[in-house]
Student: 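Below you will find the structure I want to go over with you.
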Amino acid sequence: MATKVMTFYGTSIGKKVVMAVTGFIVFGFVTVHMLGNLQVFSGPEKLNAYAHFLKSVPAFLWTFRGLILISAVLHILAATQLTLQSWSARPQGYAVQRYRETTYAARTVRWGGPIIGLFLVYHILHFTTGQVHPSFSDNVYNNVVTGFAVWWVSVFYIVAVAFVGLHLYHGVWSMFQTVGLNHPKWNVWPRVFAVAFSLAVFAGMVSVPIAALAGLVRPV
Amino acid sequence: MELDARIPEGPIEQKWTKHRFNMKLVNPANKRKYTVIVVGSGLAGGAAAASLAELGYNVKCFCYQDSPRRAHSIAAQGGINAAKNYQNDGDSTFRLFFDTVKGGDFRAREANVFRLAEVSGAIIDHCVAQGVPFAREYGGLLDNRSFGGAQVSRTFYARGQTGQQLLLGAYSSLSRQIALRNVKMFPRTEMLDLVVVDGRARGIVVRDMVTGAVSSHAGDAVILATGGYGNVFYLSTNAKGCNVSALWRAHKRGALFANPCFTQIHPTCIPVTGDHQSKLTLMSESLRNDGRIWVPANKGDKRSPDVIPEPERDYYLERRFPTFGNLVPRDVASRAAKAVCDEGRGVGKTGYGVYLDFRDSLARQGEDVIREKYGNLFHMYKKITAENPYRVPMRIYPAIHYAMGGLWVDYNLMSNVDGLFVAGEANFSDHGANRLGASALMQGLADGYFILPYTVSDYCARKGASKVAEDHAGFKGAEAEVRDRTSKLLAVKGERSPDSLHKELGKLLWEHCGMARNETGLRKCLAEIPRIRDEFAKNLRVTGADAELNQTLEKAGRVADFIDFAELLVKDALERKESCGCHLREESQTEEGEPLRDDKNHAHVAAWEWTGGLEPKLHKEPLKFEHVALVQRSYK
Amino acid sequence: MDFKLKVWRQRGAGDKGAFANYDAKDISPDTSFLEMLDIVNERLIAKGEEPFAFDHDCREGICGTCGCMVNGYAHGHQGGTTLCQFHMREFQDGETIWIEPFRAKAFPVIRDLVVDRGAFDKIVQAGGYISVRTGSAPDGNAVPVPKDDAERSMDAAACIGCGACVAACPNASAMLFTSGKIAQFARLPQGQPERIDRVRHMVAAMEQAGFGACTNHAECEAACPKELKLDCIAQMNRDLIKAALVK
């Protein structure tokens, strides 16, 4: 069994499948995260209660965090290996190379990854552990609203979430293709789904800093 | 020299069965001890190499392309005939045999053609099993179409890419045997000589086209499956690399060259646009089912076709052949096109083209119907010419397409040189003076899959395994000659490229030994060829060196052989004073201008022997027709 | 028409290589790209210079021998065509044209624009066949194949092995080539018995040859002269996952 897994992982397709599966897990988390964020519009009680609920069972929280962490590590590991394989596959590049089909999202997916990674470090220090937050407290609602009240922090978040959106768009579509969920009759749907999903996540995510900047949500 | 075709005794239906029973077998354990050399990896060569390796022989396969998958069999569009009678329309082995002998204008050997028809069905079975995606009907069974004027639907096809799919099938079987180490493949390797030791073909000398290294390969039998020589005309539908060198080298080592003047002209090719033209592209003949062929009635009428009124158009095929009209056979349509262009009524920039007009069909059937039938062909035409055939008539002109002639072989596909087998387009055997559409693929695969594995086995069994080492004087001598020829080509240091000389030769042949031939023209050709040869010897320029990839050097070697071969081709055309199949001798026509065959004096295979540069010697193999009555063709 | 050519010249595998400049003057718009190269080469020979080497054979778009990068596009910018059927009328008069060999570690340059695509043959040898011995096949109509399956198999089988997919791929991946053969057989009943082993072995051979990984750019699909589709790759992925899950 172990050798079979390693043989499969040894192929680039195997690594891509690992990326697809771990990507799917992380996307799932991002979706839930985005939906959770939207509770900021339901007022401080709702959001704080939700935050409290998440932390109420540490075993649950840490299993969940562990899963995300392992997924992220595997995702990054496979991505790094695939990238190195592809770089070595063309030791001498073209003097002129032009593209017809590829998207901005596809071309930046490799760089979007590390950028999102750096953003996540800041994000955790900002809202989870509070080291870079000016007025961190147990009140999650206040943390969010005051955190985003600083305009350049919000702009930074919006830019970072845009990268997440691009990464999602190419990643979600690729996920279907990589695991072979592709049929000429339905080929348009993975694309449509990828666009809709990544736009929804982007919109949901940026709605919070925008609302904070616009003063639609205020600290209590 | 007595030409013995070794046709087995007995009724024609039983010849092949009986012959197979009478063959000697090689003990399975001993097959590894035999080495078979296969030159060429197209349908015939690829199929033979794979099948012999499956049997257990040690096979070495050579091709000049970078991969065996690229052989020019790949370009065949229309389909492959087989007497399956899946359509229940009255087809049978006998009918396919009959059509092929008659279509070849009675210049093929009955026994060979019958066997071809007999094994045709097994080819389809085998290719289906290989995963060739033939066209299917809605019930899931194989689809057929009628082709080349046949009255039954016996042509199997895979879109317009039948040759490609069949070749890739053979290539896949070959690849499997390469992986099993039963075949050693030598791509980018060109055969430059045949080695005959004590009257037996014992191996070949080759040049590695990447490093220039010359080496010898010894074996128990040699199979040449190196395709046709249509490129002697420079412009043809052949691939640029197709050449006569392997056959010509074998010829110079004693193999007889049969019927070299039988070269088929295909009437529907895209016309030449100028001197830059490097090859001609064929458009399927099926276009003539709905297109009407015409030229302006008046000489020098350069108006755009859409403004030429009906009375000033000459639908010359419909006019001259009211019964068959635009559907006359390939050779007739080709000659008629040449005739109107020679009168100065040709169309297009060069004046060598005729219109193939779909205006009436488009009006009658609608654009959708025409698109469904010919969409891919119209698309290809537009890509090459930048003209939209839905709006303006296509322009077409005949082009050299296929060589029926080739090395002489007996019933076992062995040449007169012991142990030298020749298969596919490279041999002369089955198509007589004219090949029917969709029969080339059939013959190549029949030879490779179902005939050579038997006859080569029989040959090996009868000879027993005995080695001639590659350091034998025969090999060393041939290697030295090959090196010498190469250094001579490099040493000329004149001014003309091999291509420019090749073009000159091609033009000369096309002019005087192309669609219609007469004694004056042929004699002129014979007078001119030595001048080209002389120019080649004195004024050739080959750049670069021998020990590297040198495409100019490769071309020069091939052109040298084409020049020598062209002389033989013209001599054969001169000798054959009758008109038959694709070969029209202007002196031999009926009063109505129809080709006239002369069975009394020319019902034979003309097999030419190399005599060391002196006049080649003609040997005649008489042809007997016991099953198909000799009749004169007429298409009025 | 007149053009300025920048052509990659490289004497052999060991040579470093560089671009050389050539003028292609008085070229008819009806000239194919390869014929334009012929003309330039003939003029080089006339001047006593060495012509540049390029691969080509059938010149009717089916053998898969020709191909180089033209202004950054595999087989030129027209799409759905091979270099031999690509005509000079597609360019602007006076245009500068960059001509480079297909580049990939698995396709080493032999000379100038000629590369060694032997890696493709190795992939096919690893399993791109149905094991059937000559003479052992049942009747051609013994196994019906639904028309739609036959058509989809043919779509995948149209590959000519030219290597444009690898050349155009930003990762130099050979997924489209490999998957074409896999999909052709996966869509036919004849291909089922060896289906799992085939995908395993062909993918292993593809990896071993040193091609890059797929990141779903779809540049291969856009460059393919025979318009093979990404479904083939999806099919291969699906089959490889199946192969990992069974036996």
Side-chain angles (χ1 to χ4, degrees), chain B residues 50-51 54 65-67 69-70 72 74-75 84 86 124-126 128-131 133-142 158-159 161 164-165 168 172-173 175-176 178-179 187 210 239-241 273-274 276-279 281 383-384 386 449 453 495 497 499-500 541 543-544 548-549 551-552, chain C residues 12 28 30-31 34-35 38-39 42 45-46 48-51 53 55-60 62-65 81 85 87 89 110-111 114 116-118 120-121 124-126 128-135 137-141 144-147 150 153-154 157-158 160-161 184-185 188 190-191:
Chain B
S51 302
E54 283 166 10
Q65 297 90 343
D66 70 324
S67 161
R69 68 177 294 147
R70 308 211 192 278
H72 198 57
I74 206 161
K84 279 287 200 184
Y86 282 158
I124 302 302
D125 300 341
H126 185 57
V128 167
Q130 280 177 330
F134 281 119
R136 301 266 167 177
E137 294 169 348
Y138 280 102
L141 302 181
L142 292 159
R159 293 198 190 142
Q161 288 136 276
Q164 180 202 22
Q165 293 309 312
L168 293 184
S172 71
S173 289
S175 295
R176 176 169 163 250
I178 293 170
V210 175
K240 289 298 285 177
T273 54
H276 57 263
Q277 193 96 18
S278 62
K279 86 149 265 157
T281 304
K383 202 147 70 181
I384 293 173
Y449 284 133
E495 304 210 315
S497 70
D499 264 350
S500 74
R541 174 181 281 168
T543 51
E548 61 185 5
L549 178 74
Q551 293 172 326
T552 316
Chain C
S28 152
D30 291 327
T31 311
L34 297 186
E35 286 165 354
D38 286 342
I39 293 170
E42 283 290 297
I45 295 176
E49 289 176 37
E50 274 192 66
D55 259 335
H56 64 96
D57 204 21
C58 81
R59 297 205 177 187
E60 48 188 292
I62 193 75
C63 73
T65 311
T81 187
Q85 296 206 313
H87 286 73
R89 63 177 90 94
I110 294 174
R111 180 163 197 182
V114 177
D116 179 0
R117 287 165 293 193
F120 273 7
D121 289 317
V124 173
Q125 285 158 21
Y129 47 74
I130 289 172
S131 301
V132 51
R133 180 184 287 273
T134 305
D139 185 82
N141 264 345
V145 180
K147 186 177 168 66
S153 174
M154 182 62 219
I160 57 173
Q184 176 195 345
F185 293 141
L188 292 175
Q190 288 84 357

Student: Need one label for C:Ile110: side chain, backbone, both or neither, based on atoms under 4.5 Å from any heavy atom in chain B.
Tutor: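 Looking at C:Ile110, just its side chain touches chain B.
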Student: For C:Ile160, is it the side chain, the backbone, both, or neither that has a heavy atom closer than 4.5 Å to a heavy atom of chain B?
Tutor: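 Its backbone and side chain both get close to chain B.
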Student: Checking B:Glu548 against chain C: side chain, backbone, both or neither under 4.5 Å from a heavy atom?
Tutor: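 For B:Glu548, side-chain heavy atoms alone lie under 4.5 Å from chain C.
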Student: Counting heavy-atom pairs under 4.5 Å with chain C, which one of B:Val128, B:Ile178, B:Asp499, B:Ile124 comes out on top?
Tutor: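 Ranked by contacts with chain C, first place is B:Val128.
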Student: Please classify the contact between C:Ala126 and chain B as side chain, backbone, both or neither, with a heavy-atom cut-off of under 4.5 Å.
Tutor: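 Looking at C:Ala126, nothing touches chain B.
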Student: Is B:Thr273 close to chain C through its backbone or its side chain, or both, or neither, when contacts mean heavy atoms under 4.5 Å?
Tutor: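 Looking at B:Thr273, just its side chain touches chain C.
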Student: Which atoms of C:Thr65 come close to chain B, meaning under 4.5 Å heavy atom to heavy atom: side chain ones, backbone ones, both, or neither?
Tutor: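 Answer is both: backbone and side chain atoms of C:Thr65 are under 4.5 Å from chain B.
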Student: Within the 4.5 Å heavy-atom criterion, are C:Arg59 and C:Glu35 side-chain neighbours or not?
Tutor: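 Yes, side chains in contact.
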Student: Is C:Glu50 close to chain B through its backbone or its side chain, or both, or neither, when contacts mean heavy atoms under 4.5 Å?
Tutor: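 When you check distances to chain B, atoms from both the backbone and side chain of C:Glu50 fall under 4.5 Å.
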Student: Please identify, among C:Thr81, C:Asp139, C:Leu34, the residue contributing the most non-hydrogen atom pairs under 4.5 Å to chain B.
Tutor: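 With the most close heavy-atom pairs to chain B, the winner is C:Asp139.
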Student: Would you say C:Glu42 and B:Ser500 are linked by a side-chain donor-acceptor pair, where the criterion is simply a distance under 3.5 Å?
Tutor: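 No.
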Student: What part of C:Arg89 gets closer than 4.5 Å to chain B, counting heavy atoms only: side chain, backbone, both or neither?
Tutor: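 C:Arg89 touches chain B through side-chain heavy atoms alone.
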Student: What part of B:Ser67 lies closer than 4.5 angstrom to a heavy atom of chain C: side chain, backbone, both or neither?
Tutor: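 Both backbone and side chain.
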Student: Select one option (side chain, backbone, both, neither) describing which atoms of B:Ile384 are under 4.5 Å from chain C's heavy atoms.
Tutor: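 Contact with chain C involves both backbone and side-chain atoms of B:Ile384.
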Student: Any non-hydrogen side-chain atom of C:Arg117 less than 4.5 Å from a side-chain atom of C:Asp55?
Tutor: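 Yes; the side chains approach each other to less than 4.5 Å.
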Student: Please state whether the side chain, the backbone, both or neither of C:Gln190 comes within less than 4.5 Å of a heavy atom of chain B.
Tutor: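 Side chain of C:Gln190 only, per the 4.5 Å heavy-atom cut-off to chain B.
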Student: So for C:Asp38, is it side chain, backbone, both, or neither that comes closer than 4.5 Å to the heavy atoms of chain B?
Tutor: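 Contact with chain B: side chain only.
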Student: What part of B:His72 lies closer than 4.5 angstrom to a heavy atom of chain C: side chain, backbone, both or neither?
Tutor: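 Just the side chain, heavy atoms under 4.5 Å.
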Student: Is the closest side-chain heavy-atom distance between B:Leu142 and B:Tyr86 below 4.5 Å?
Tutor: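 The answer is yes, as the side chains (C-beta and beyond) meet within the 4.5 Å cut-off.
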Student: By a 4.5 Å heavy-atom criterion (distance strictly below it), what part of B:Thr281 contacts chain C: side chain, backbone, both, or neither?
Tutor: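 It is the side chain, since no backbone atom gets that close.
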Student: Which region of B:Gln130, side chain (C-beta onward) or backbone (N, CA, C, O), has a non-hydrogen atom less than 4.5 Å from a non-hydrogen atom of chain C, or is it both or neither?
Tutor: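 When you check distances to chain C, atoms from both the backbone and side chain of B:Gln130 fall under 4.5 Å.
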Student: Between B:Arg176 and C:Ser131, is any side-chain donor less than 3.5 angstrom from a side-chain acceptor?
Tutor: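 Their side chains do contain a donor-acceptor pair, which is all the 3.5 Å distance test asks for.
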Student: What heavy-atom pair brings C:Gly135 and B:His126 nearest, and what distance separates the two atoms?
Tutor: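 Minimum heavy-atom contact is N-ND1, 4.2 Å.
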